[in-house]
2 protein chains.
Amino acid sequence: MAGEKAEAGTESGADTNFQKMFASGDFNAANCPIRDVLDQLGDKWSTLLIMLLGGKPHRFGELRRQIPDISQRMLTQTLRDLQRDGLVHREVFPTVPPSVEYSLTPLGASLIGPLSGLIDWAAAHHGAIREAREVYASEAA
Amino acid sequence: MAGEKAEAGTESGADTNFQKMFASGDFNAANCPIRDVLDQLGDKWSTLLIMLLGGKPHRFGELRRQIPDISQRMLTQTLRDLQRDGLVHREVFPTVPPSVEYSLTPLGASLIGPLSGLIDWAAAHHGAIREAREVYASEAA
DNA sequence: CTGGATCCGACCAGATACTG
DNA sequence: CAGTATCTGGTCGGATCCAG
């Protein structure tokens, strides 16, 4: 299969290197770097924390107050995962009582741009999505 | 549902409008449109399917072959969710045997851009992330 | 104040079998 | 070919108690 059917997409034009990578045959979701990264970002709290830390560094309790509906367990765990991936920096100040500050690493900061693009899209179209959901629900009935 | 309609502040800066929205107090993750949308996109297969359909429409079995490690159940379910959100169009051809074609709606196509931004980031930095993970693992030991 | 550890329910997701 | 239905295990995530 050597056919170049790129022109079929007409105006899409944004699939770019994804289609190329996918067509390269060596995909199969196992060695897929996208999934590897998106899996973490796709969880319930990661993106929210990243955007929050993108504004300014936060302390633990500060984050907990900013996100009322996160449990302490999930906050700890998500922060540790992000730290593990090199997106978040954790700094402990040996004060009494102890305080810990979380901030984005340069790698984490570089994610803000692309992530904002997606968030902007979500904000812009979530009305249409909710509408589509209601239409679908009423059709199903 | 008390007062939908989030202004979303058009689109200008990157992190700016998120911080603005967050600071506006009208956030709290309950009425957060971001979470509403990202929740669906963040699941295991949505983004993959969207990018795939962004290339060209696919039939059901075609998608299943393209993604070997998706179960038939998850494929059906994810497609239905995307259709419900108005991102994917489902067209049935009453042939024998029956065939169904899935394609992106204009709304779904508009997502390709922002999503590609994130995917490009993932592809570009996933090496750094894997490296960070190994460092973290060795430090933990 | 910042977490670790544990228990436990809820939901996600795969395997399998069956239908039109 | 394109699904639906059911059973089941694994993981996510909240609540609570405890420690430094």
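All values below were derived from every heavy atom in this structure, side-chain atoms included, with hydrogens, water molecules and symmetry-related copies excluded. All chains are named by letter (A, B, ...) in the order of the sequence lines, taking the proteins before the strands, and each is independently numbered beginning at 1.
Nearest-nucleotide positions on DNA chain D for Asp43(A) and Gln72(A) put Asp43(A) closer to the 5' end. Nearer the 5' end of DNA chain C, as judged by each residue's closest nucleotide, is the contact made by Leu79(A), out of Leu79(A) and Pro98(B). Positionally, the nearest nucleotide of DNA chain D for Arg59(B) lies more toward the 5' end than for the other of Arg59(B) and Arg73(B).
An end-to-end axis angle of 40° holds for the helix from dC1(C)-dG20(D) to dG20(C)-dC1(D), taken from five base pairs per end and rounded to 10°.
Within the nucleic acid shown, Tyr102(A) comes within 4.0 Å of sugar-phosphate atoms alone, with no base atom in reach, counting heavy atoms only.
Here Arg65(A) does not reach the OP1 or OP2 of dT2(C): none of its side-chain N or O atoms lies under 4.0 Å away. Residue Arg64(A) has no polar side-chain atom (N or O) positioned under 4.0 Å from OP1 or OP2 of dT2(C).
Rounding to the nearest 0.5 Å gives a distance of 8.5 Å between CD of Glu62(A) and CD of Glu101(A). The distance from the CD1 atom of Ile70(A) to the CG atom of Leu79(A) is 7.5 Å, given to the nearest 0.5 Å. Atom-to-atom distance recorded for Met74(A):CE and Leu49(A):CG is 11.5 Å, nearest 0.5 angstrom.
Atom CD of Glu131(A) has 12 or fewer heavy atoms from other residues, nucleotides or ligands within 6.0 Å.
When Arg90(A), Arg59(A), Glu91(A) are each tested for a side chain to side chain donor-acceptor pair (under 3.5 Å) with Tyr102(A), only one passes: Arg90(A).
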